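Here is the structure we will look at.
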Protein chains: 2
Amino acid sequence: MNLSFADFKLHHQLSESKVWDWFYQLHHAKLEVKNPAIAKQKLKRIMQATFKLSHDKGFALMTLRDLARQSDLSLGGIYSYIGSKEQLALMIHQFLPFVFSKTLTRHPEQPLSQSNLAKENCVAERARAALITFICEHLYLSEWLTPWFFFAFMEAKYSSPKIRKVALENESTTQQVLFERVANVSIASHHELSQQSALLVAMNIKSLLQSWYLKRPIYHKQKVTVDDYANHLAQLINRGIIDGNGQSK
Amino acid sequence: MNLSFADFKLHHQLSESKVWDWFYQLHHAKLEVKNPAIAKQKLKRIMQATFKLSHDKGFALMTLRDLARQSDLSLGGIYSYIGSKEQLALMIHQFLPFVFSKTLTRHPEQPLSQSNLAKENCVAERARAALITFICEHLYLSEWLTPWFFFAFMEAKYSSPKIRKVALENESTTQQVLFERVANVSIASHHELSQQSALLVAMNIKSLLQSWYLKRPIYHKQKVTVDDYANHLAQLINRGIIDGNGQSK
DNA sequence: ATAAAACGAACGAACGTTCGATATTGTGTT
DNA sequence: AACACAATATCGAACGTTCGTTCGTTTTAT
């Protein structure tokens with residue numbers, strides 16, 4: 001029904017090096033170092049060091065001396081890649097919308113008017129599928145780019161206004177798509193949630209998506225894979241979450 | 001069925017000043033200032049300033065000069081209350097388990113053995129009620145102490161080991177109680193989730209609890225009260241979340 | 001007038017960033 | 001192939017600033 005993480009990676013040809021190719025593609029104009037091969041390699045070292053250190057002590061408490069040690073570069077060397085500490089954070093935050101635009105499925109999906117609810121089951125199933133597809137894609141992207149998602153979530157709030165703007169725009173776009181698709185499901189299945197309830201459900205789903213990349217180590221210790229989690233969420237959708245209000249069993 | 005936030009406050013006699021009475025009670029031994037009335041008033045100013053500043057820029061980026069300005073105290077004056085910046089954070093983190101121990105309902109709740117499943121509905125209902133009670137109490141406490149919960153969540157990970165220990169112990173206690181009560185529901189209602197699934201559900205519930213105090217302003221803008229949210233979660237429980245695995249509607 | 005509380009200038013440590021010196025790489029000429 | 005010379009990339013000592021914290025002094029309350 002919904003595709004697996006392996007399928008997703010295959011479909012988008014997501015290799016390990018593709019991350020750094022894309023990252024270089026997005027930021028190469030800002031770099032002082034012009035050789036692409038060298039730049040990709042050093043950017044990888046710097047970003048991975050940033051993820052480790054900011055995961056351990058937080059970006060604010062991460063020192064550029066820490067970063068130099070962890071990435072095996074010198075203090076000055078790092079500055080040929082990042083410009084400043086703040087821009088380092090900005091580069092990371094900007095990467096996520098860039099990847100979204102390259103991977104997320106556009107759903108031109110004609111809006112559900114009252115007229116074409118004829119074949120109900122079909123329409124309802126398609127609305128459900130559109131929601132679940134979006135959930136799976138987000139989940140799989142966050143699996144592929146866990147450190148990036150983690151960083152974006154943890155550091156967005158406490159960054160400069162410029163960075164916060166990037167992060168909040170990205171977040172609210174996601175929230176909005178989620179809301180629309182939840183609303184479509186509730187309309188198509190004639191359960192007609194109030195706008196408030198649909199929003200509540202959409203926010204809940206986002207929390208559960210975040211839970212995956214925030215607590216991935218815990219899930220893995222319990223032998224829960226990302227495919228397991230995707231199925232788990234799909235079942236929540238297919239069962240009670242978007243039903244009419246309140247009649248308990 | 002489940003009590004309201006107003007009932008909860010009434011039952012525990014939670015007034016605005018009670019927060020500071022309890023906070024002083026927990027920490028008075030460490031203070032250099034001995035006059036209780038003065039200390040409570042100044043502690044309130046310092047903590048509220050800490051919440052505002054760490055909410056805006058994060059605790060790591062909050063300066064003690066910021067704190068002095070925001071709380072209308074001098075740099076030196078603050079140190080008669082907090083000892084050090086790290087101890088200020090520790091004092092906040094320690095407060096939550098202290099409040100839990102004073103307010104959370106102990107459920108001595110005989111463990112559900114196979115033998116007393118006779119009156120099934122009754123047992124199942126009681127297991128469900130125990131879970132929902134715990135959820136509501138957590139929700140209401142987080143409503144009463146939103147800044148404290150917010151601070152504990154955002155700053156726990158990036159604190160000293162001593163602080164992290166307090167925060168993680170508190171979190172995993174909550175997680176464990178949640179897990180037990182979810183498992184009890186699934187046993188009592190003969191749906192017998194796997195241990196893995198019960199844990200997944202318990203973690204999901206915790207995410208949804210956190211969502212309340214992390215995004216409270218958004219919920220409020222949508223006119224969602226804490227009682228609304230409590231009912232919403234209760235309905236999720238009473239409907240699909242803890243049902244057998246997988247048969248979609 | 002004595003104790004309690006608040007104050008803020010001053011200190012050393014550590015931070016982000018710069019920049020001139022050094023090392024490495026790539027290219028054109030023997 | 002060997003060399004030389006730019007061009008490119010890396011380095012880390014040094015700078016100015018800001019941080020958490022201290023402590024001798026002043027203010028307030030009894």
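Each chain gets a letter, A, B and so on, in the order the sequences are listed, and its residues count up from 1. Note that the coordinates shown come from a computational prediction; the quantities given were computed from them, not determined experimentally.
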- Would you indicate whether K162(A), at its atom NZ, is surrounded by more than 12 heavy atoms from other residues, nucleotides or ligands within a distance under 6.0 Å? no
- Kindly check if the number of other-residue, nucleotide or ligand heavy atoms within 6.0 Å of NZ (K221(B)) is above 12? no
- Heavy atom of residues 61-70 of chain B under 4.0 Å from DNA chain C: which residues? R65(B)
- Protein heavy-atom contacts under 4.0 Å, written 5' to 3' over nucleotides 23-30 of chain D as B (base), S (sugar-phosphate only) or - (none), form the string --------
- Task: Would you please classify the geometry between the Y140(A) ring and the F8(A) ring as parallel, tilted or perpendicular, with 30° and 60° separating the classes?
- Result: tilted
- Taking atom types as modelled and ignoring hydrogens, do the side chains of H27(B) and K30(B) form a donor-acceptor contact shorter than 3.5 angstrom? yes
- Residues which pass salt bridge (charged side-chain N to carboxylate O under 4.0 Å, His left out) with R216(A), listed by chain and number, not counting sequence neighbours: E143(A)
- Have S4(A) and D7(A) got a donor and an acceptor in their side chains that come within less than 3.5 Å? yes
- Message: Tell me the interatomic distance from Y81(A), atom OH, to dT10(D), atom C1', rounded to whole angstroms.
- Response: 9 Å
- Task: Please work out if L73(A) contacts a base, only the sugar-phosphate, or nothing of the nucleic acid, heavy-atom cut-off 4.0 Å.
- Result: sugar-phosphate
- Bounds of contact between DNA chain C and chain B, in 5' to 3' order, using a heavy-atom cut-off under 4.0 Å: dA5(C) to dA10(C)
- Message: If you compare every side-chain N and O of K34(A) against the phosphate oxygens of dT8(D) (OP1, OP2), does one of them come in below 4.0 Å?
- Response: no
- Query: Y219(B) and S211(B): side-chain donor and acceptor closer than 3.5 Å?
  - Reply: yes
- Worked check of side-chain hydrogen bond (donor to acceptor under 3.5 Å, both in side chains) between T173(B) and N170(B): CA-CA 5 Å; T173(B) 301; N170(B) 195 29; 5.5 Å; no
- Task: State yes or no: are the ring centers of W148(A) and F51(A) separated by less than 6.0 Å?
- Result: yes
- Message: One pair to check against salt bridge (Lys or Arg N to Asp or Glu O under 4.0 Å): D72(B) and R45(B). What are the steps and the verdict?
- Response: CA-CA 8 Å; D72(B) 255 315; R45(B) 293 226 304 258; 5.8 Å; no
- Hey, are D21(A) and K18(A) close enough for a salt bridge, meaning a charged N less than 4.0 Å from a carboxylate O? no
- Message: Taking salt bridge (charged side-chain N to carboxylate O under 4.0 Å, His left out) as the cut-off, I'd like each qualifying pair that reaches into residues 199-210 of chain A, sequence neighbours left out, listed once.
- Response: E171(A)-K206(A)
- Centre of F59(A)'s six-membered ring, under 6.0 Å away, within 45 degrees of the axis: is that where NZ or CZ of K85(A) sits? yes
- Toss me the dot-bracket line for DNA chain C: Watson-Crick and G-U wobble, both under 3.5 Å, 5' to 3', using | for pairs to another strand and [ ] for crossers. .||||||||||||||||||||||||.||||
- Euclidean distance, atom CG of residue L75(A) to atom P of dA13(D) [Å, nearest integer]: 10 Å
